[in-house]
Chemist: 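I am attaching a structure below and will ask some questions about it afterwards.
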Number of protein chains: 2
Amino acid sequence: MQQPTFLILTALADRPQHGYGIMTDVERMSDGSVRLRAGTLYAALDRLREEGFIQIDHEEIVDARLRRYYSLTDDGATRLAAEADRLRRHAQTASRRLRASRITNAAARGVS
Amino acid sequence: MQQPTFLILTALADRPQHGYGIMTDVERMSDGSVRLRAGTLYAALDRLREEGFIQIDHEEIVDARLRRYYSLTDDGATRLAAEADRLRRHAQTASRRLRASRITNAAARGVS
DNA sequence: AGCCATATATCGATGGTCGGTATATGCTGG
DNA sequence: CCAGCATATACCGACCATCGATATATGGCT
């Protein structure tokens with residue numbers, strides 16, 4: 001699973017949201033580092049719905065504009081939890097190894 | 001950065017390794033869930049070298065077979081550290097939101 | 001009047017990964 | 001004794017998620 005997809009599911013983890021809301025939420029969550037393109041977002045929403053990870057929650061019209069709200073399915077929540085755990089473990093492994101390497105290099109330079 | 005690329009850099013975080021060693025290391029690190037294809041690995045090694053994140057450390061011949069060892073550059077270590085931190089934060093956000101959602105749902109069902 | 005935010009949708013291009021194939025050596029089980 | 005597997009690098013076409021751009025429409029701000 002790629003980062004944009006992961007962040008879309010994360011945006012839906014605690015409440016239903018509509019497409020545009022997901023876009024801004026993802027940008028905020030990632031401190032502006034991940035700007036979802038409209039193409040990416042709506043293609044991903046269709047795909048994730050086909051895969052059964054999200055579903056259409058409800059729709060409403062605001063200012064003559066459609067808002068289509070999506071929510072996580074149980075499958076989606078399970079999948080996201082598994083993916084989050086994988087990310088956490090990978091991040092931990094990388095940090096541990098980098099730390100080990102810095103210690104080794106410091107020792108080699110005679111630094112206490 | 002995609003997961004395979006991240007894991008390749010992680011494999012090199014604490015010591016130089018050759019291609020095939022990276023492949024087995026990545027599989028072990030991810031509990032067998034990520035099996036690097038030869039095509040992915042060697043293409044990624046070329047690309048990462050061009051980008052300045054890794055470099056050829058040294059080469060040796062074992063059993064008439066070439067072993068080309070790669071190591072992280074300073075740039076690569078910096079990049080990997082930043083990426084690991086991003087992964088950690090994203091995983092944390094997803095887990096926090098999922099937890100919040102479970103509490104809300106439990107309360108809605110009248111569960112203490 | 002012009003621009004930006006809101007909101008969804010579609011389309012071609014890009015690029016990292018997948019899956020397979022090629023080449024070569026050495027070890028091991030049947 | 002030879003077939004298969006592990007080791008080791010390399011290349012290629014295919015796939016698909018994402019990018020970047022464009023389209024359409026409304027409302028608010030300057």
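Chain letters run A, B, ... following the sequence lines, proteins first and then strands; every chain starts at 1.
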Chemist: To the nearest Å, how far apart are A:E51 CD and D:dC16 C1'?
Modeler: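 From A:E51 CD to D:dC16 C1': 11 Å.
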Chemist: Within this structure, what is the CD-to-P distance between A:Q2 and D:dT18, rounded to whole angstrom?
Modeler: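 A:Q2 atom CD is separated from D:dT18 atom P by 5 Å.
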Chemist: Is there a side-chain contact between A:H90 and B:T10, using heavy atoms and a 4.5 Å cut-off?
Modeler: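 In short, these two side chains do not touch, never coming nearer than 4.5 Å.
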Chemist: Report yes if some heavy atom in the side chain of A:D25 is under 4.5 Å from a heavy atom in the side chain of A:Q17; otherwise report no.
Modeler: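 The answer is yes; the side chains approach within 4.5 Å.
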Chemist: Just to confirm, is there a sub-4.0 Å distance from OP1 or OP2 of C:dT8 to any side-chain nitrogen or oxygen of A:Y42?
Modeler: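 For A:Y42, the contact criterion (side-chain N or O under 4.0 Å from OP1 or OP2 of C:dT8) is met.
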Chemist: Heavy atoms from C-beta onward define the side chain here; which of D:dT9, C:dT25, D:dT18 lies closest to that of B:A64?
Modeler: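 The closest nucleotide is C:dT25.
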Chemist: What integer distance in Å separates A:R65:CZ from C:dT8:C1'?
Modeler: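 Roughly 11 Å, once rounded to whole Å.
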Chemist: Checking all strands, does B:G19 fall into the base, sugar-phosphate, or nothing category for heavy-atom contacts under 4.0 angstrom?
Modeler: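 Sugar-phosphate contact only - B:G19 comes under 4.0 Å of backbone atoms but never of a base.
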Chemist: Rounded to whole angstroms, how far apart are CG on B:L41 and C1' on C:dC18?
Modeler: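 After rounding, the gap between these two atoms is 13 Å.
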Chemist: Taking for each residue the nucleotide of DNA chain D with the nearest heavy atom, is it A:L36 or A:D63 whose nucleotide lies nearer the 5' end?
Modeler: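 Its nucleotide being nearer the 5' end, the pick is A:L36.
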Chemist: Can you identify which nucleotide, out of C:dA7, D:dT18, C:dT17, has its nearest atom closest to the A:A44 side chain?
Modeler: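 Minimum distance to the A:A44 side chain belongs to D:dT18.
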Chemist: From the options A:R68, A:R67, A:H18, select the one residue that forms a side-chain hydrogen bond (donor to acceptor under 3.5 Å, both in side chains) with A:E59.
Modeler: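 For A:E59, the side-chain hydrogen bond (donor to acceptor under 3.5 Å, both in side chains) check succeeds only for A:R68.
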Chemist: Would you mind reading off the distance between B:E59 atom CD and D:dT7 atom P, rounded to a whole angstrom?
Modeler: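 One finds 20 Å between P of D:dT7 and CD of B:E59, rounded.
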Chemist: For A:Y20 and C:dT6, is the shortest distance between a side-chain N/O and OP1 or OP2 below 4.0 Å?
Modeler: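 For C:dT6, OP1/OP2 do have a side-chain N/O of A:Y20 under 4.0 Å.
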Chemist: Take the protein atom CG of A:D25 and the nucleotide atom P of C:dA7, then report the distance between them rounded to whole Å.
Modeler: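 Atom CG in A:D25 sits about 13 Å away from atom P in C:dA7.
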Chemist: Between B:I56 and B:M23, is there shared hydrophobic-cluster membership here, with clusters defined by ILVMFWY side-chain heavy atoms closer than 4.5 Å?
Modeler: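 Shared cluster, yes.
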Chemist: Quick check on the hydrophobic clustering: are B:Y69 and B:Y42 connected, directly or via other members, by side-chain heavy-atom contacts under 4.5 Å?
Modeler: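 No.
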Chemist: With a cut-off of less than 4.0 Å, is there a side-chain N or O of A:R47 near OP1 or OP2 of D:dA17?
Modeler: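 Checking D:dA17 against A:R47, a side-chain N or O does come within under 4.0 Å of OP1 or OP2.
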Chemist: Are any of A:T40's side-chain N or O atoms less than 4.0 Å away from OP1 or OP2 of D:dA17?
Modeler: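 No, because none of the side-chain N or O atoms of A:T40 sits under 4.0 Å from OP1 or OP2 of D:dA17.
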Chemist: Figure out the CZ/P separation between B:R37 and C:dG16, and round it to whole Å.
Modeler: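 It works out to 19 Å between those atoms.
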Chemist: Would you mind reading off the distance between A:R35 atom CZ and D:dG20 atom C1', rounded to a whole angstrom?
Modeler: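 After rounding, the reported distance stands at 14 Å.
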Chemist: Can you see if the side chain of A:T5 gets near the phosphate of D:dT18 - specifically, an N or O under 4.0 Å from OP1 or OP2?
Modeler: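 True: A:T5 side-chain N/O within range (under 4.0 Å) of D:dT18 OP1/OP2.
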